[in-house]
Structure formats: C-alpha cells, structure tokens
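These notes are about the structure you will find just below.
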Amino acid sequence: MALAKQLVYANNEAEIATTMELVATEWGERYPLLDQYLQGFAARRQEWALCLRTDVPTRGHNTNNIVESAFRVLKDSVLYRTRAFNLLQLFDFVTVQLSKHYARRACDVANGRQRAAPAKKRAL
C-alpha cells in the first residue's frame with residue numbers, strides 16, 4: 001500500500017519509474033503476472049499520477065463531493081459510526097445493509113418523502 005501511495009503522490013516521472021522498478025523487484029518473483037500488469041498500469045499513468053494531472057483543477061483536493069457524500073452515507077447511515085466490526089460484519093454491512101439503505105432512499109424519493117438534512121452545528 002505504501003508503494004502504491006508513493007506511485008500516486010510521486011513528484012515527477014523519474015520517481016514513478018524508480019518506484020515501479022522497486023515494486024517489480026520486491027513483488028515480481030512472488031507474482032509472475034505483476035510485470036505484465038505494471039506495464040499496463042504504467043501506460044495509463046496520466047490518469048492516476050498526480051504529478052502528471054496538471055490539467056485537472058483540483059486546487060489541492062484529490063477527491064470530489066460525490067465520493068465524500070457516499071462515504072458519509074456509508075459511515076453515518078449504514079455503519080452508524082461504529083468501529084467494532086470484524087471482517088464478516090463489515091462485508092455484510094457493505095453488501096446487504098448498504099443495498100437496503102439505497103433501496104429505502106429510492107422508495108422515499110419515489111414516494112415524495114425526503115428526509116431533512118441534519119442541522120449544521122454553529123461555531124460559538
């Protein structure tokens with residue numbers, strides 16, 4: 001994961017190339033198809049390497065509101081801000097409960113029932 005993060009946040013193409021070589025040498029023997037995958041991955045580096053994405057006006061933010069709102073729904077409405085989940089419970093919540101949540105929301109929208117947005121807390 002750390003190497004993937006280094007690839008995404010590299011400062012220039014030379015840093016991307018050295019990190020790709022490091023990934024290939026560290027993991028290449030264990031996973032023989034990794035080299036083939038990395039070649040395809042490197043060919044699309046303009047899409048994922050932040051140093052090469054100069055045409056996208058992110059203003060320092062590398063996500064968007066759709067992603068943020070989806071994670072907010074997942075955390076608040078589905079996981080109920082609970083941290084005590086094992087892997088099986090998390091899988092159940094993401095596959096079953098999240099689907100049920102969106103089905104309920106779709107029915108609410110179809111029936112003209114919309115929940116009020118939570119009130120924002122004011123700074124004192």
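Quick note: numbers below take in every heavy atom, side chains included, and nothing from hydrogens, waters or symmetry partners. It should be emphasised that the depicted structure is a prediction, and the values quoted were computed from it without experimental measurement.
- Connection of Val96 to Phe91 is not established within any shared hydrophobic cluster, with ILVMFWY side chains joined at heavy-atom distances below 4.5 Å, either directly or through further cluster members.
- Residues passing the side chain to side chain donor-acceptor pair (under 3.5 Å) test with Glu21, sequence neighbours excluded: none.
- Looking at heavy atoms from C-beta onward, Glu26 lies in side-chain contact with Leu3 at the 4.5 angstrom threshold.
- Applying the side chain to side chain donor-acceptor pair (under 3.5 Å) criterion to Gln36, with sequence neighbours excluded, gives no partner residue.
- With rounding to the nearest 0.5 angstrom, the CZ atom of Arg45 is 7.5 Å from the CE atom of Met20.
- Qualifying salt bridge (Lys or Arg N to Asp or Glu O under 4.0 Å) partners for Glu29, counting only residues two or more places apart in sequence or in other chains: none.
- With sequence neighbours excluded, no residue forms a salt bridge (Lys or Arg N to Asp or Glu O under 4.0 Å) with Arg30.
- Within the model, atoms OG1 of Thr18 and CD of Gln6 stand 8.0 Å from one another, a figure rounded to the nearest 0.5 Å.
- When all heavy atoms of Cys107 and Arg113 are compared, the closest pair comes out as O-NH2, 4.5 Å.
- For the salt bridge (Lys or Arg N to Asp or Glu O under 4.0 Å) test, no residue two or more places apart in sequence or in another chain qualifies with Glu15.
- Across every non-hydrogen atom of Val23 and Leu38, the tightest pair is CG1-CD1, 3.9 Å.
- Residue pairs meeting the ring pair (Phe, Tyr, Trp, His ring centres under 6.0 Å) criterion with at least one member in residues 17-45, sequence neighbours excluded, are Tyr37-Phe41, Phe41-Trp48.
- Considering every non-hydrogen atom in both Ile16 and Cys51, the closest pair reads CD1-SG, 3.8 Å.
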